[in-house]
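Written out below as structure tokens is the structure these notes cover.
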Amino acid sequence: MPETASTTRAPAALLPSLAPLLREWLPRQRWFAGKGRPVTGFSLVSATELLPLDGTGPGLLHLLVRVEQPDHTARPAPDCYQLLLGVRTAVPPRLGPAMIGRVRQGPLAGRAVYEGLCDPRLADLLLERLRTPGSLGPLRFEGTADLPAALAPRLLDREQSNSSLVYGDAYILKIFRRIGPGANPDLELPLALTGAGCRRVPAPVAWFETGEGPQASTLGVLQPYLRGSRDGWRLALEALAAGREFTAEAHALGRATAEVHTALAAALPTRSLRGAGTSELVAAMVERLETAAQAVPALVPYVPGLRKVFEAAAGPDVPAGGWRAQRVHGDLHLGQTLCTADGAWSVIDFEGEPAQPLAERCRPHPPVRDVAGMLRSFDYAARTHQPWNAAWAARCRDAYCAGYAEASGTDPRSEPALLRAYETDKAVYEVVYEARHRPDWLPVPMAAIQRLSGRS
Ligand SMILES: Nc1ncnc2c1ncn2[C@@H]1O[C@H](COP(=O)(O)OP(=O)(O)O)[C@@H](O)[C@H]1O
Ligand SMILES: O=P(O)(O)O[C@H]1O[C@H](CO)[C@@H](O[C@H]2O[C@H](CO)[C@@H](O)[C@H](O)[C@H]2O)[C@H](O)[C@H]1O
């Protein structure tokens, strides 16, 4: 991402007049990571008119803005967000819910600004740009396939970390919201996987980015839309509600995870974690726990017990050659899996944990990290269903590990200390995630914290 402001045709003067509107609107967006801290200012990274703002029709303004907030000590710089703003003189009623506000001063005074992704005319334009690779100001559009034109767009309205547009049920364009320097793993890993012949991910067909060389930041990725597919979370809840087992699905998911891991290990560098490597891994988990306990005081009584769980991962179980580490999904859960009508499972959203800095999300880890994420997910599903069905979750967990072992040759249960440490690390992450985004869900990971710390 360019460090200095770069402005194409849209004048930098636009930002001050948009700031009062954005200050209100941004913190209400699900993908806004800085919730709970006031927005104190904005600085422009780049502004690009994807459609002219000359008032002759709807305009589309692409902005990369840094959002200043007090206490961003945990991050090296204020977070940068990607915004696609529609600008019109009058907003038709169907776009009412997308309204951000009316500009009071500056070059756009009197014009209405709204979430541009909700406007099919503007969403069309993005696809059109991806069909014709090239640059526009600081933005570069790249494609690898001939894309059909005029596919009706719709914005997915579910709660997400990013925003996704579906075109004609044929493609899905994911628009990243919080932008950091470097390639997003949600482009890098699916490209590596499909390059290695793995069929468990929808292959990226086009993308857009900004910046140069290794610092180029991915802004959006277009992939085939798996029409009629249903995500694992929904299917698991349906099974629970109907009193059905989910072990066959869990087994298939274990196989799919193993295939992804095998292909990632073949396509990208791996390393061995031993000695200092294992101590670093444990230290990082302990540090995460301590930071989490500061943010969510309910964790404090469990810290000594959880610390022991992490320390055990560097104990006698470590194999002579150390733990094998590789690129992993990083935030694997049931909602990141899609099952198509023929029963085949795909894995999506390789971005890693959205709150982590990019360098952290790209760090190689033992693959049990993903296994632990999925095991937590079975627990989540069972906990969110009344009555709580712990045995259902336990059977899913076993079936998943068995499927994984069959396809990879390694049973994750043969590394219990490491698996437990990663499960604990995930539960700690979830506590912070739920406290920030869905406080009603906090009891779900807290129950796991209690169990894993040995206090229940
Ligand atoms: N290739 C795809 N085919 C069908 N649906 C998809 C596809 N990719 C994503 N989705 C749907 O979009 C939702 C959000 O995608 P995801 O990559 O998880 O975004 P986010 O990072 O915003 O959470 C998923 O839960 C899934 O329902
Ligand atoms: O937005 P993402 O899908 O990238 O992931 C974030 O949100 C997830 C919730 O939507 C969160 O997952 C947690 O809740 C799930 C149920 O909604 C559960 O299946 C997962 O196991 C649990 O971790 C995920 O942690 C967060 O990064």
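Small disclaimer: the values here were computed from a predicted structure and weren't measured. Indexing begins at 1, ligand by ligand and atom by atom, following the structure's order.
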Exercise. Could you list the atoms of ligand 1 found under 4.0 angstrom from a heavy atom of Leu156?
Key: 11 (C), 12 (O)
Quiz item: Do Arg37 and Glu68 sit within salt-bridge range, that is, some charged N less than 4.0 Å from a carboxylate O?
Solution: no
Would you say the side chains of [X] and [Y] form a donor-acceptor pair under 3.5 Å?
X	Y	answer
Arg177	Ser163	yes
Tyr400	Thr257	yes
His251	Tyr404	no
Asp119	Tyr114	yes
Glu351	Asn162	yes

Under 4.0 Å, heavy-atom basis, I'd like to know which part of [X] is in contact with ligand 2: side chain, backbone, both or neither.
X	answer
Asp349	side chain
Arg383	neither
Gln336	side chain

Quiz item: Taking it one step at a time, do Lys426 and Glu353 satisfy salt bridge (charged side-chain N to carboxylate O under 4.0 Å, His left out)?
Solution: CA-CA 10 Å; Lys426 187 70 187 179; Glu353 289 170 353; 3.5 Å; yes
Check this for me - ligand 1, [X], N or O atoms closer than 3.5 angstrom, yes or no?
X	result
Leu226	yes
Asp349	yes
Asn162	yes
Asp186	no
Gln223	no
Pro224	yes

For ligand 1, note which part of [X] has a heavy atom under 4.0 Å away: side chain, backbone, both or neither.
X	result
Val166	neither
Gln336	side chain
Leu338	side chain

Exercise. Could you tell me which atoms of ligand 2, counted from 1 in the order shown, lie closer than 4.0 angstrom to a heavy atom of Ser377?
Key: 18 (C), 19 (O), 20 (C), 21 (O)
Quiz item: Side chains of Leu63 and Ser46: closer than 4.5 Å at any heavy-atom pair?
Solution: no
Quiz item: For ligand 2, is there an atom lying under 4.0 Å from some heavy atom of Arg438?
Solution: yes
Quiz item: Hey, is Glu353 one of the residues with a heavy atom under 4.0 angstrom from ligand 2?
Solution: no
Quiz prompt | Parallel, tilted or perpendicular, as decided by the 30° and 60° cut-offs, for the rings of Phe378 and Trp392 | solution = perpendicular
Quiz item: How are the rings of Tyr81 and Trp31 set relative to one another: parallel (under 30°), tilted (30 to 60°) or perpendicular (over 60°)?
Solution: tilted
Practice problem: Only heavy atoms count here, so choose which of Trp233, Tyr433, Tyr429, Trp441 is nearest to atom 25 (O) of ligand 2. | Solution: Tyr429
Quiz item: Counting heavy atoms only, which of Asp331, Asp231, Leu237 is nearest atom 5 (O) of ligand 2?
Solution: Asp331
Quiz prompt | Side chain Arg178, main chain Ala33, donor-acceptor under 3.5 Å | solution = no
Exercise. Would you check if the side chain of Ser229 reaches a backbone N or O of Thr340 as a donor-acceptor pair within less than 3.5 Å?
Key: no
Practice problem: Mind running side chain to side chain contact (heavy atoms under 4.5 Å, CB included) on Tyr171 and Val205 for me, showing each step along the way? | Solution: CA-CA 9 Å; Tyr171 293 97; Val205 291; 3.8 Å; yes
Indicate yes or no: does an N/O atom of [X] lie under 3.5 Å from an N/O atom of ligand 2?
X	value
Ser161	yes
Glu430	yes
Tyr380	no

